Protein chains: 2
Amino acid sequence: MNRKPPTSQKRLAGSRERQASKADQVYREIKHSILSGALSPGAAIDKIALCERLGVSRFPVTAAINRLAFERLVVIEPQHGSFVARIASRDVREWMLIRRALESEIAREAGRALPAEIMGEIERNLRYQQAAAAAGDVAGFYALDVDFHKLIVDGLGLKQAREILDGLRSHLERVRRILLSPPGRLPSAYSEHSRIAAAIGRGDAAGAAEAMRAHLDETTAIFERIAADHPETFIG
Amino acid sequence: MNRKPPTSQKRLAGSRERQASKADQVYREIKHSILSGALSPGAAIDKIALCERLGVSRFPVTAAINRLAFERLVVIEPQHGSFVARIASRDVREWMLIRRALESEIAREAGRALPAEIMGEIERNLRYQQAAAAAGDVAGFYALDVDFHKLIVDGLGLKQAREILDGLRSHLERVRRILLSPPGRLPSAYSEHSRIAAAIGRGDAAGAAEAMRAHLDETTAIFERIAADHPETFIG
DNA sequence: CTCTAGCGTCTGGCATGCTAGTGCGATAAT
DNA sequence: ATTATCGCACTAGCATGCCAGACGCTAGAG
């Protein structure tokens, strides 16, 4: 008997959340370890230890590592081992180039048509940013910073771009964790964010794109300086 | 005994081509079937038949399908089946938006600094395009079109962007195969390509970005019209 | 005739054992 | 002491068997 394609739209679409498989859990666990820095670049990943620690067989672990290899967070060397990917400063530059291209285009789109309620959320986020910057709350500001950028993308319903940007952020996050960014940047980052939001708010598409570009150019410069100051952390 | 991270740069880097694993072969096989249209959107993928036809066990097939699910070419419904992903016209629009953002930024970069020998290859490619357009050779022109865009990205050594764009092209290629694009577009596509190359050649970064943007806006319009003419092929 | 409840069959998810290939280290030869 | 060689221990890749869940069909109740 042949099974059918999903009849009409339906099924568990939205209604029931498909529970996370074991492979998903292992994936999240390893990914978190890598992003938090618990697993350093170049470190070997001991599958068997993971199996025992998480109480699963090698199958979910293998699947999870394959997924991580697909997004370039680990490299698999056949018949040798799996290792946490090293960071090449060349790649960091390219990630920022891609991010700049995407986010400035998205800001342009947002300047053309962004739902009003999203604009309200952005303004609220900005007020929190101001508070966090004033208090020198680096961790809080960073979380708000990430939310700010996500709000714009999600506000336009751009799912694919959101995924690409999340992937880029994963890699960049790893750099940021290892080498903390300077706290003195908070106020200027806040004002750059404000300029972006203002341009979007007044429907100035070109201005929004340009403001986002300038903002990410600044961010790129920070990464460049960090990389130059810590040459031992990078390859290439 | 703990294994070590890859000693210095090392190993089979470039020297020995790492042979394709069975999972890789299966991956390529299925992907080709999907992109060529042999497997229609929504079709069920029969793992066991694939196992027998390719003479492998279910493991490589499962790994391959997982990878394809990761790049959204198939959807896995747990305990039910694996299906070729359907195409949403909304996604097509977003793919083109991402492509426009990336490629126009890359064209800008190319206008700033593109190696001379790459520029030579591009000009050669353009001459072939002209010949193909004059002869009405649609298939040949399409191949040259793809190469034209790849030449610019690869000429700048942008590996990550190249991968993202290849992923996008996979999806868009599927649309193009199903619904052939109008042959009358060849000459105009050629002249748009020429404008892009000319701007890059004279080091006009802003002009190159703008020409690429205009070119992909045209392409987007084609896709939009195709989608409007064939509403039954798309969902959403 | 309609609707519901249960069963059967198919699927993907997972566990486990085996194979082939790799780098490292010890040992031997110079 | 230095270098070449061989073996060993470990890895990822693969095959296979089992399990639980989801869908479709059917039989029975209304």
Side-chain angles (χ1 to χ4, degrees), chain A residues 1-30 42-70 74-84, chain B residues 1-13 15-30 42-70 74-85:
Chain A
M1 185 36 175
N2 284 334
R3 72 223 121 104
K4 308 254 180 72
T7 29
S8 66
Q9 61 276 40
K10 54 127 250 158
R11 256 175 65 79
L12 41 80
S15 59
R16 198 181 333 175
E17 284 301 321
R18 57 173 291 184
Q19 59 184 2
S21 69
K22 291 190 183 181
D24 287 333
Q25 299 175 244
V26 177
Y27 166 79
R28 276 194 269 269
E29 167 72 20
I30 303 178
I45 298 175
D46 191 336
K47 279 191 180 182
I48 299 182
L50 272 170
C51 293
E52 292 170 358
R53 192 154 63 79
L54 301 177
V56 299
S57 82
R58 288 160 20 218
F59 187 97
V61 176
T62 297
I65 291 188
N66 278 333
R67 283 164 64 175
L68 289 164
F70 201 86
V74 315
V75 294
I76 299 176
E77 305 193 353
Q79 325 302 350
H80 180 210
S82 303
F83 306 88
V84 179
Chain B
M1 184 35 175
N2 284 335
R3 72 226 122 106
K4 306 256 182 69
T7 31
S8 66
Q9 66 274 42
K10 60 95 239 173
R11 255 171 72 76
L12 39 78
S15 60
R16 196 182 335 175
E17 284 303 321
R18 58 172 292 184
Q19 58 184 1
S21 70
K22 291 190 183 180
D24 287 333
Q25 300 174 244
V26 177
Y27 166 79
R28 276 193 270 269
E29 169 72 20
I30 303 177
I45 299 175
D46 191 335
K47 279 191 180 183
I48 300 182
L50 273 171
C51 293
E52 291 170 359
R53 193 155 61 82
L54 302 177
V56 298
S57 82
R58 287 161 21 218
F59 187 98
V61 175
T62 296
I65 290 188
N66 278 333
R67 283 163 64 177
L68 289 165
F70 200 85
V74 315
V75 294
I76 299 177
E77 305 193 352
Q79 326 304 346
H80 180 210
S82 303
F83 306 88
V84 179

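Just so it is clear: chains get the letters A, B, ... in the order the sequence lines come, proteins before strands, and each one is counted from 1. All figures in this text were calculated on a predicted structure; none of them were measured in a lab.
- Distance, Leu54(B) CG to dA15(D) P: 11 Å, rounded to whole Å.
- The CZ atom of Arg28(B) lies 8.0 Å from the CZ atom of Arg67(B); values are rounded to the nearest 0.5 Å.
- Between Ile45(B) atom CD1 and Ile65(B) atom CD1 the span is 5.0 Å, to the nearest 0.5 Å.
- Between dC10(D) and Lys47(A), no contact under 4.0 Å exists linking OP1 or OP2 to a side-chain N or O.
- For Gln79(B) and dC14(C), the CD to P distance is 9 Å, given to the nearest whole Å.
- Closest heavy-atom contact between Ala20(A) and Gln25(A): O-OE1, 4.1 Å.
- A straight line from NE2 of His80(B) to P of dC19(D) spans 23 Å, rounded to a whole angstrom.
- Taking every heavy atom of both residues into account, Gly42(A) and Phe83(A) meet most closely at O-CD2, 3.9 Å.
- Atom CG in Asp24(B) sits about 16 Å away from atom P in dA12(D), given to the nearest Å.
- The distance between atom CD of Glu77(B) and atom C1' of dA22(D), rounded to the nearest whole Å, is 10 Å.
- For the pair Asp24(A) (side chain) and Ser21(A) (backbone), a donor-acceptor distance under 3.5 Å is present.
- Against DNA chain C, the stretch residues 58-69 of chain A makes heavy-atom approaches under 4.0 Å through Arg58(A), Phe59(A), Pro60(A).
- If Ile48(A) and Gly55(B) are placed on DNA chain D by their nearest nucleotide, the residue sitting closer to the 5' end is Ile48(A).
- Considering only side-chain atoms of Ser82(B), the nucleotide from dG12(C), dC14(C), dG13(D) that sits closest is dG12(C).
- For the side chain to side chain contact (heavy atoms under 4.5 Å, CB included) with Leu68(B), the qualifying choice from Val26(B), Val75(B), Val74(B), Val84(B) is Val74(B), the only one to do so.
- Lys22(B) has its NZ atom 9 Å from the C1' atom of dA15(D), to the nearest Å.
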